[in-house]
A.B. asks: 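Structure provided below as structure tokens; questions to follow.
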Amino acid sequence: MGLLEKIRCPADVRALGPEELPDLAAEIREFLVDAVSKTGGHIGPNLGVVELTIALHRVFESPRDRLLFDTGHQAYVHKLLTGRQEGFRLLRQRGGLSGYPSRAESEHDIIENSHASTALSYADGLAKANALQGTDGKVVALVGDGALTGGMAWEALNNIAAGEKRPVVIVVNDNGRSYSPTIGGFASHLAQLRLDPGYENAMGFVKRVMPRAPVAGSAVYEALHALKKGLKDAFTPQAMFEDLGLKYVGPIDGHDVHLLEEALRSARDFGAPVIVHCVTKKGCGYRPAESNAEDCFHGPGAFDPATGKSLAGASTSWTEVFGTEMVSLGTERSDVVAITAAMLHPTGLARFADAYPDRVFDVGIAEQHAATSAAGLAVGGLHPVVAMYATFLNRAFDQVLMDVALHRLPVTFVLDRAGVTGNDGPSHNGMWDLSILQVVPGLRIAAPRDAGRLRQLLREAVAVDDGPTVVRFPKGSVGADVEAVDRMGEMDVLLRKPGLSRVAGGPEDVLIVAVGAMAGPCVEAASLIAAHGLGVTVVDPRWAKPLDTELVGAARRYRLVATVEDNGRVGGVGDAVARMLRDAEITTPVVTLGLPQTFLDHAKREQILGDAGLTPQGIAREITRLVHGPLTATDDGQPASLHS
Ligand SMILES: Cc1ncc(C[n+]2csc(CCOP(=O)(O)OP(=O)(O)O)c2C)c(N)n1
Ligand SMILES: CC(=O)[C@@H](O)[C@H](O)COP(=O)(O)O
Ligand SMILES: [Mg+2]
């Protein structure tokens with residue numbers, strides 16, 4: 001039986017002898033590559049924190065000591081050491097382990113939000129709670145160099161530095177990368193700390209002469225340990241953290257578990273806030289990851305463990321369609337520039353960057369800054385396209401509202417991963433944008449239904465010069481184009497089938513307003529509905545905000561208007577349709593078919609859409625039920641306006 005199988009809790013990790021730790025690390029790496037190659041997941045980040053997580057659990061006593069993982073994508077080792085090895089078989093899948101810490105899974109998990117740069121704020125709050133209540137547990141935050149490029153991290157550091165009686169151990173996991181190499185002045189400072197030529201040369205020499213894993217306690221080990229320690233002291237340059245009033249320890253070789261333990265112990269006992277700067281390698285120990293220039297296997301799908309080759313099928317993604325169109329746009333419009341928040345490749349901007357390296361800006365994990373920097377670019381006469389995942393725009397809402405829209409600036413936000421993402425859990429679903437952006441005056445929202453519309457609407461968006469525009473589309477493969485059969489004002493009519501029982505001049509049955517990628521399922525649903533003899537028309541608004549007033553006139557002619565959107569049911573396009581009809585005193589009942597306004601547990605995208613009834617069958621069933629069902633007067637004689 002190997003070491004890892006015997007680990008059921010952190011105490012078992014602490015019970016191991018120092019000489020056993022390299023073997024435990026090797027077993028963890030072998031386990032992770034095998035498991036994650038089957039399920040997909042954040043293999044690169046987790047291979048980089050094997051020794052670091054082992055050391056954390058040997059020095060601190062979770063859960064009394066709180067271990068906070070920023071972003072949380074690098075908590076697989078933590079899960080292995082806290083009794084959850086079996087769950088990896090269904091990692092990120094329904095009924096299996098979350099890909100992030102999960103309080104429902106374990107008392108050792110504290111933060112579930114996968115949005116970066118939050119851990120230090122939690123830590124600050126926890127340290128204040130401990131100080132007020134006299135709680136003696138330690139507060140430890142593991143933060144990546146990428147997460148440290150987020151503004152919240154610096155807001156928290158400012159507060160933590162002021163709390164000399166509120167100790168927080170800040171463990172910087174510095175692998176020099178977010179997805180791509182981490183950008184910015186701070187990243188350069190970290191690099192200067194870890195790449196001091198003297199330190200690097202000396203450490204390289206030590207590693208070359210050092211036997212594979214000298215037995216801890218042996219004379220060779222002690223001699224090399226003393227040499228490493230001496231080098232570290234000799235080469236540790238002044239770090240800006242000490243200027244901030246934070247004790248700085250490092251740089252520490254983040255794969256030397258003994259050095260890590262020693263540094264973490266001293267930080268634990270320091271009694272005031274302290275930063276432990278650990279230098280790690282993303283993908284460490286798995287060559288396909290280590291050598292992957294794009295993102296070191298940050299979060300691949302399933303892959304062949306022997307070669308690292310992706311097992312995903314070849315299909316065109318929404319992201320690729322966007323990326324290709326951006327390159328064309330860049331050729332035609334010299335004023336078009338692009339911004340990414342540390343996700344150049346995942347958002348499809350890499351080819352634009354290759355073609356126009358001076359016209360793309362990676363601002364780090366800094367979506368708020370991205371939005372307002374884009375406002376600056378627009379004030380300067382350019383048209384910025386800010387590409388990010390829909391869920392991450394949430395934190396930049398005020399910047400969109402007050403820095404962009406208030407000034408009516410021509411900025412286009414491209415929101416990838418809008419709607420259900422699925423496996424990344426509740427904080428990754430892009431199910432908020434159609435609601436929160438409804439309230440932004442002058443902002444326009446386009447929701448393309450397919451690749452053809454994405455190209456068209458992206459061009460229409462960057463042609464708008466009197467206010468912000470948004471183009472939002474889902475994760476994954478883009479299906480076949482859904483061609484229009486007619487127009488209704490500015491909207492595309494995708495299907496129109498008369499009802500069998502409709503009397504001349506009487507109301508038609510159902511008008512479906514299909515938002516974005518819901519168009520395909522709605523067209524299929526319409527055929528199922530028509531098979532029941534009901535008349536059904538499917539329209540795609542293309543621009544979901546502002547809605548085409550043609551809808552008002554059309555709604556009079558129908559018995560039911562149903563909006564279908566892959567957004568939360570509250571406050572989205574469906575509610576906007578209802579409000580528009582109500583304001584026009586149209587009494588046609590309206591209904592919204594959308595995602596439940598709740599945090600949706602991790603599962604496959606298709607499963608979640610199925611649960612929400614956002615499939616052709618689900619849409620047809622609900623609409624047919626509504627038309628045949630409670631469309632009679634309610635008790636007070638009013639026709640039921642079917643709430644969303
Ligand atoms: C607010 C926010 N923006 C973007 C992301 C997407 N994202 C996930 S991990 C990651 C890189 C994190 O880099 P780092 O903190 O250095 O951790 P590493 O992956 O290097 O361990 C990014 C940009 C996110 N999770 N949250
Ligand atoms: C942790 C994080 O935010 C990202 O790594 C995310 O998991 C990427 O998701 P995609 O796989 O959809 O690009
Ligand atoms: Mg990093």
Side-chain angles (χ1 to χ4, degrees), residues 318 321-322 325 347 367 370-371 374-375 378 383-406 408-420 429-450 453-475 489-492 513-519 522 539-551 563-580 592 594-595 644:
W318 289 89
V321 173
F322 162 64
E325 199 60 19
T347 58
E367 286 82 2
H383 191 119
V385 174
V386 185
M388 64 176 77
Y389 288 6
T391 188
F392 300 138
L393 183 76
N394 297 354
R395 62 172 47 181
F397 173 75
D398 188 61
Q399 286 75 17
V400 172
L401 181 68
M402 294 303 178
D403 298 333
V404 182
L406 175 66
R408 291 191 293 279
L409 291 170
V411 175
T412 296
F413 294 92
V414 171
L415 304 183
D416 195 337
R417 273 46 171 199
V420 174
N429 292 311
M431 54 184 278
W432 324 100
D433 57 296
L434 290 179
S435 301
I436 61 176
L437 295 176
Q438 288 296 334
V439 303
V440 181
L443 176 140
R444 301 169 174 84
I445 305 174
R449 63 174 182 268
D450 55 26
R453 263 36 65 177
L454 174 48
R455 295 185 196 99
Q456 283 173 11
L457 288 167
L458 179 61
R459 288 176 172 278
E460 291 176 29
V462 298
V464 172
D465 60 7
D466 64 350
T469 50
V470 172
V471 181
R472 54 104 67 182
F473 49 80
K475 176 171 186 170
E490 292 306 309
M491 299 178 287
D492 282 347
V513 180
V515 178
M518 289 291 101
C522 286
V539 291
D540 167 10
R542 300 173 77 256
W543 288 92
K545 178 181 184 293
L547 286 165
D548 186 334
T549 52
E550 184 66 26
L551 266 181
T563 303
V564 184
E565 57 188 308
D566 56 353
N567 185 78
R569 288 192 195 114
V570 174
V573 180
D575 279 356
V577 169
R579 186 170 49 256
M580 182 166 80
T592 300
L595 296 167
S644 54

A.B. asks: Does any part of the side chain of F413, heavy atoms only, come nearer than 4.5 Å to the side chain of V404, both counted from C-beta?
C.D. replies: yes
A.B. asks: As a test of understanding, state which of T592, V573, I445, V564 forms a side chain to side chain contact (heavy atoms under 4.5 Å, CB included) with V515.
C.D. replies: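 Only one of T592, V573, I445, V564 forms a side chain to side chain contact (heavy atoms under 4.5 Å, CB included) with V515, namely V573.
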A.B. asks: Take E550 and V539 through the test side-chain contact (heavy atoms from CB on, under 4.5 Å) and record every step on the way to the result.
C.D. replies: CA-CA 11 Å; E550 184 66 26; V539 291; over 6 Å; no
A.B. asks: Test R472 against L434 for side-chain contact (heavy atoms from CB on, under 4.5 Å), laying out the working first.
C.D. replies: CA-CA 9 Å; R472 54 104 67 182; L434 290 179; 3.6 Å; yes
A.B. asks: So, taking the atom named CG in L457 and the one named CZ in R453, what distance separates them when rounded to the nearest 0.5 Å?
C.D. replies: 8.5 Å
A.B. asks: Side chains of E367 and Q399: does their closest heavy-atom pair fall under 4.5 Å?
C.D. replies: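 No, too far: nothing below the 4.5 Å cut-off.
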A.B. asks: Indicate the atoms forming the closest heavy-atom contact of A418 with A390, along with that distance.
C.D. replies: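 Heavy atoms only, the tightest pair is CA-CB, 3.7 Å.
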A.B. asks: Closest approach of T412 and H383, non-hydrogen atoms and distance?
C.D. replies: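 Looking at all heavy atoms of both residues, the shortest contact is OG1-NE2, 2.7 Å.
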A.B. asks: Verify, without hydrogens or angle tests, whether S435 (side chain) and V570 (backbone) share a donor-acceptor contact under 3.5 angstrom.
C.D. replies: yes
A.B. asks: Measuring from atom OG1 of T391 to atom CG of L415, what distance do you get when rounded to the nearest 0.5 angstrom?
C.D. replies: 10.5 Å
A.B. asks: Rounded to the nearest 0.5 Å, how far does CZ of R417 lie from CZ of F392?
C.D. replies: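 Atom-to-atom, F392:CZ and R417:CZ are 9.5 Å apart.
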A.B. asks: As an exercise, state the distance from CZ of R408 to CG of D465, rounded to the nearest 0.5 Å.
C.D. replies: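 Spacing of CZ (R408) from CG (D465) equals 12.0 Å.
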A.B. asks: If you measure from the Lys or Arg side-chain nitrogens to the Asp or Glu carboxylate oxygens, is any gap between R444 and E460 under 4.0 Å?
C.D. replies: no
A.B. asks: T347 versus V414: any side-chain heavy-atom pair under 4.5 Å?
C.D. replies: no
A.B. asks: Would you mind reporting whether L401 and P441 have side-chain heavy atoms less than 4.5 Å apart?
C.D. replies: yes
A.B. asks: So how far is it from D450 CG to W318 CH2, rounded to the nearest 0.5 Å?
C.D. replies: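 D450 CG to W318 CH2: 6.0 Å, rounded to 0.5 Å.
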A.B. asks: How about V471 and L454: do any of their side-chain heavy atoms sit closer than 4.5 Å?
C.D. replies: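 V471 reaches L454 side chain to side chain.
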A.B. asks: Is the ring pair F473/F322 parallel, tilted or perpendicular, if the boundaries are 30 and 60 degrees?
C.D. replies: tilted
A.B. asks: Give me the atom names and distance for the closest heavy-atom approach of N567 to G572.
C.D. replies: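 Answer, listing the atom of N567 first, then G572: ND2-CA, 3.9 Å.
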A.B. asks: Distance from R579 atom CZ to Q438 atom CD, nearest 0.5 Å?
C.D. replies: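 It comes to 6.5 Å.
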A.B. asks: Is any side-chain heavy atom of D548 less than 4.5 Å from a side-chain heavy atom of P541?
C.D. replies: no
A.B. asks: Working note: L393 + L437, criterion side-chain contact (heavy atoms from CB on, under 4.5 Å); need CA distance, chi angles, decisive distance, verdict.
C.D. replies: CA-CA 10 Å; L393 183 76; L437 295 176; 3.9 Å; yes
A.B. asks: Evaluate the side-chain proximity of M491 to L551: yes if any heavy-atom separation is below 4.5 Å, no if none is.
C.D. replies: yes
A.B. asks: Please determine whether a side-chain nitrogen of the Lys or Arg among D433 and K545 lies less than 4.0 Å from a carboxylate oxygen of the Asp or Glu.
C.D. replies: no
A.B. asks: Before you tell me yes or no, could you show the steps for D575 and E565 under side-chain contact (heavy atoms from CB on, under 4.5 Å), namely the whole-Å CA-CA distance, both residues' side-chain angles and the distance that decides it to 0.1 Å?
C.D. replies: CA-CA 11 Å; D575 279 356; E565 57 188 308; over 6 Å; no
A.B. asks: Quick one: do D492 and R449 make a salt bridge, cutoff under 4.0 Å?
C.D. replies: yes
